[in-house]
2 protein chains.
Amino acid sequence: MNTVHLVHESPVSPLRHTCADCASHDWCLPAGLGAKQAKLLDHLNVHTRFVGRGGSIYRSGTAFHSLYAIRSGFVKSTMTLDDGRERVTGLHMSGELIGMDAINTGQYMCDAVALEDSSVCAIPFGELECVTRDIPVLQRYLHRTMSREIAHDYGVMLLLGSMRAEERVAVFLVSLSKRYAARGYSATRINLLLKREEIGSYLGLKLETVSRVLSRFQENQLITVQHKDVEIKDLDRLNRMVGNHHNVHQRASRQPLRATLAAPAPVQPAMQYT
Amino acid sequence: MNTVHLVHESPVSPLRHTCADCASHDWCLPAGLGAKQAKLLDHLNVHTRFVGRGGSIYRSGTAFHSLYAIRSGFVKSTMTLDDGRERVTGLHMSGELIGMDAINTGQYMCDAVALEDSSVCAIPFGELECVTRDIPVLQRYLHRTMSREIAHDYGVMLLLGSMRAEERVAVFLVSLSKRYAARGYSATRINLLLKREEIGSYLGLKLETVSRVLSRFQENQLITVQHKDVEIKDLDRLNRMVGNHHNVHQRASRQPLRATLAAPAPVQPAMQYT
DNA sequence: CGCGCTGTTGACTTAACTCAATAGTAGTGG
DNA sequence: CCACTACTATTGAGTTAAGTCAACAGCGCG
C-alpha cells in the first residue's frame, strides 16, 4: 500500500455546500433567480468534492444518485467496451454538468476521471427534480442543459462519421481553444492534458495518426506543439479547414449548418418557445 | 406545379387530440398515471398529424415549439453540413420522442422526414414543461427519455469511432430487428426503408461499402437481401459479430459494457435514485 | 419504350492502421 | 544526484480496409 491512492482519491470528507452563496453561482446556475427561489436551492444537499489528477468522480456501473457540476478542472468520461478497449466519449470543463446519461437506467454508463486536480459538486438528482418543479427557470435550465448535450453529441457523430483525420484534430484544437477562451484562459496557448492515445480515442483515430497530424500542422505553421503544450499560430486557417475540403466535388449547400464540437457551454443564449 | 407535393405534405388540418383517451396511450405515456393526473394531460394541446412518405415533420432552422411523439411509421432525422452533404443522425419508430435537440437553442437542428406514411403527435414543449411540474411521474419520464437519447448517442459514437464496416452493418441490422420485434413485428423479416446511401450516411460508410457488406453477409448465409427486404437467417451469428473481433490482441475486459444502437425504446425498466 | 433512379460489382487508389525502431520524459529508488 | 525503468511520443515502412471511379443491371414510372 503506497501513498499514490491517497493523492488520487480525496480522503477529505465532502463539504456540505449551499448553492445560494457559492462562489461559482454566477456561471453554474441560471441567472435571474429571485431571493425566494434562491432559498429553495437550500433544499438541495449539494456536496463539493475535490478530485486529484487521475481520481474518479464516478464509475461505470455504479448506482446513479447525483449529477456532477464541474467547478474547476478538466474531466474525461470514458466507456469500456465488451472487449476491454476504452473509448473517451466526452471532455468536460468548469461549468458543465455530467452524469445525465445515467438518469434513464439508474447507473452510470461512463467512468468520469479528472485529468487535472478538479473540484465538483454532487447534486442529488431526485432533489433537483423536486426543486425544479417550483423554480421554472431552473427547470428550463435543466432541460436546456440536457438538450445541449444531445445537440453536442450530434456534432460528434458528424465528426466521427464524415471528417478526415486532419479535420478532426483541427476541430478538436479549435474546440479546446474556444472553451478555454470562454473561461478566460488563452485561446492560443492550450494544454492538451490528454495523451495522444486519449485524443485518438476521442476522435476515432489511432495515436500515431494524431501524432502525425500534429506534426504536419506544425510543419505548416498552424501550431507549435511540444508534448501536451500547443500554441495555436493560425487560428483562422485552423478554423477554415473545418467543414470544407472533404473531397473535391461538392454540390451547392442547401441549409448550411456548422457542425461543432464546441461543448456544452455554461452560458445560454436567449430563446423562447411557446 | 404537380401533385407530388400534395402527397408529401398532408393538407389535412391537424386534429386536436387528448392524450387521456388516445389509442396509443399505453406505450406513448408513462404507465401508472392516476385519473387526476390523466386529467391534467388535457391541458396539453396535442395535435396529431399524418405525414406521407417523404414528408417532413420539421425542418432544420425553423422555430422550435413542439416535441413530436411518433404514433406510427418510421422517421429519419438528418443534418446538412456547411458543404451541402447530408448526414442521417437518427432513425425513429413508433413510441419515440423526437426534437429534443432543439430545446436548447429554440430551433430544430435536424430535418425530420417520414420514410413511410407516418403519424405523429405534436406536443407543445412549453405546455409539457408546465404539466410535468404537477405530475412527477411524467417529469421523470421526460428526463429519462432525454437521458436515453444521450445514452443512445454514446452508443452511436462508439460505433462510428471504433467499429469496422461489417460490424456497423451488423449492429444496424440487429438494432432494427430488435426494434421491430419490440413492436410486435417480425424480428427476422425486416424492411430497410432506407436506400444504401442513407444507411451509409447513418453508419459513416459509403453506399458501395454498405452494398458490398450486405452481399458478403448474404454469401455467408447470414441474411438474404433483395433491395430493401432483408431476411435475417442467423441472428445469433449476426449478434456475435458485434463488439468482438476488432483486431486480434485484446486484453481481458474490465467492466464489460455492450455498446448498442438499440434505440430509445418506449418501455422503461424500473429504477430509483435518491 | 425509354428514362431516371437505385443497387451491384470490379479495378484501382488512398487515408489511416499496423508494426517496429528510436528518442524523449517522468518517476523511482539506491 | 544519477542510473534505471516506465511510459509517452515521434517517425518510417509496409499493409489494408474502405473510398473512388466506372460500368452495368434491375426496377419503376410516365
Side-chain angles (χ1 to χ4, degrees), chain A residues 2-5 7-8 52-54 85-88 115-116 159-170 172 191-219 223-230 241 245-250, chain B residues 2-4 7 53-54 85-87 115 159-170 172 191-219 223-230 241 245-251:
Chain A
N2 60 36
T3 58
V4 171
H5 285 89
V7 175
H8 285 354
R53 186 163 109 87
R85 274 169 323 144
E86 182 178 285
R87 293 236 32 227
V88 175
L115 289 167
E116 63 181 356
L159 173 128
L160 293 172
S162 47
M163 292 189 186
R164 42 185 47 270
E166 291 202 347
E167 284 182 284
R168 297 187 198 192
V169 177
F172 173 74
N191 187 336
L192 298 180
L193 289 173
L194 300 157
K195 333 182 212 191
R196 301 289 183 269
E197 187 175 9
E198 293 170 310
I199 298 172
S201 167
Y202 185 52
L203 299 177
L205 301 170
K206 293 292 159 183
L207 67 97
E208 295 96 330
T209 305
V210 174
S211 180
R212 273 184 246 272
V213 170
L214 288 174
S215 299
R216 210 174 315 150
F217 281 180
Q218 180 159 249
E219 270 174 38
I223 61 172
T224 56
V225 53
Q226 198 167 34
H227 314 292
K228 286 171 180 159
D229 292 314
V230 170
M241 66 186 308
H245 87 75
H246 302 263
N247 49 57
V248 208
H249 18 232
Q250 304 292 353
Chain B
N2 61 35
T3 57
V4 172
V7 174
R53 187 164 108 85
R85 274 170 321 145
E86 183 178 285
R87 292 237 31 228
L115 289 167
L159 174 128
L160 293 172
S162 48
M163 293 189 186
R164 42 188 44 268
E166 292 203 345
E167 284 182 284
R168 297 187 198 193
V169 177
F172 173 73
N191 187 335
L192 298 180
L193 290 172
L194 302 157
K195 330 182 215 194
R196 301 289 184 268
E197 187 174 9
E198 292 170 310
I199 299 173
S201 168
Y202 185 51
L203 298 177
L205 301 170
K206 293 292 159 184
L207 68 96
E208 295 95 329
T209 305
V210 173
S211 180
R212 274 185 247 272
V213 170
L214 288 175
S215 299
R216 210 175 315 150
F217 281 0
Q218 179 159 249
E219 269 174 40
I223 60 173
T224 56
V225 52
Q226 196 166 34
H227 313 292
K228 284 172 182 157
D229 292 313
V230 170
M241 66 187 305
H245 88 76
H246 302 264
N247 49 59
V248 208
H249 17 232
Q250 304 292 350
R251 272 162 295 271

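By convention in this document, chain letters (A, B, ...) are assigned in the order of the sequence lines, proteins followed by strands, and residues within each chain are numbered from 1.
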A:Glu197: salt bridge (charged side-chain N to carboxylate O under 4.0 Å, His left out) partners, not counting sequence neighbours: none
Under 3.5 Å on both distances, the Watson-Crick or G-U partner of C:dT25: none
N or O in side chain of B:Ser211 less than 4.0 angstrom from C:dT9 OP1/OP2: no
Atom-pair distance (CG on A:Leu207; C1' on C:dG24), nearest Å: 15 Å
Reference residue A:Ile199; test side-chain contact (heavy atoms from CB on, under 4.5 Å); the match among A:Val210, A:Val213, A:Leu207: A:Val210
Short side-chain N/O contact to C:dT8 OP1/OP2 from B:Arg196, under 4.0 Å: yes
Closest nucleotide among D:dA18, C:dG7, C:dA16 to the B:Ala165 side chain: D:dA18
Sugar-phosphate only, base, or nothing, as touched by B:Leu214 at under 4.0 Å among non-hydrogen atoms: nothing
Nearest-Å distance for atom pair CE/P, residues B:Met163 and D:dA17: 17 Å
Listed nucleotide nearest any side-chain atom of B:Thr209, set C:dG10, C:dA16, D:dA18: D:dA18
Pair assignment for D:dG26, Watson-Crick or G-U wobble, requiring both distances under 3.5 Å: C:dC5
Nucleotide D:dT11, atom C1' - distance to CD of A:Gln218 in whole Å: 14 Å
Annotated protein contacts, base or backbone, on nucleotides 22-30 of chain D with a non-hydrogen cut-off under 4.0 Å, one of B, S, - each: -----S---
Working for side chain to side chain contact (heavy atoms under 4.5 Å, CB included), residues B:Val230 and B:Thr224: CA-CA 6 Å; B:Val230 170; B:Thr224 56; over 6 Å; no
Sugar-phosphate, base or nothing in reach of A:Gly200, heavy atoms under 4.0 Å: nothing
Side-chain N or O of A:Lys195 closer than 4.0 Å to phosphate OP1/OP2 of D:dA9: no
Among D:dG19, D:dA13, C:dG10, the one nearest A:Arg212 by side-chain distance: D:dA13
Separation of atom CD1 in B:Ile199 from atom P in D:dG19, rounded to whole Å: 14 Å
Point-to-point distance, once rounded to the nearest 0.5 Å, from CG of B:Leu214 to CD1 of B:Ile223: 5.0 Å
Nearest-Å distance for atom pair CD/C1', residues A:Glu197 and C:dT18: 14 Å
Residue pair B:Met241 / B:Ala170: nearest heavy atoms and the distance that separates them: CG-CB, 3.7 Å
Within-4.5 Å side-chain heavy-atom neighbours: A:Leu203 and A:Thr209: no
Spacing of A:Leu194 atom CG relative to D:dT8 atom P, expressed in whole Å: 12 Å
Between D:dG19 (C1') and B:Arg164 (CZ): distance, integer Å: 15 Å
Chi-based syn or anti call at D:dA18, which uses purine or pyrimidine torsion atoms and a 90° bound: anti
B:Arg85 CZ to D:dG19 P, straight-line distance once rounded to whole Å: 12 Å
Closest non-hydrogen atom pair between B:Tyr202 and B:Leu160, with its separation: O-CD2, 4.0 Å
Any B:Ser215 side-chain N or O less than 4.0 Å from OP1/OP2 of C:dT9: yes
Flag, side chain of A:Arg196 to backbone of A:Lys228, donor-acceptor distance under 3.5 Å: no
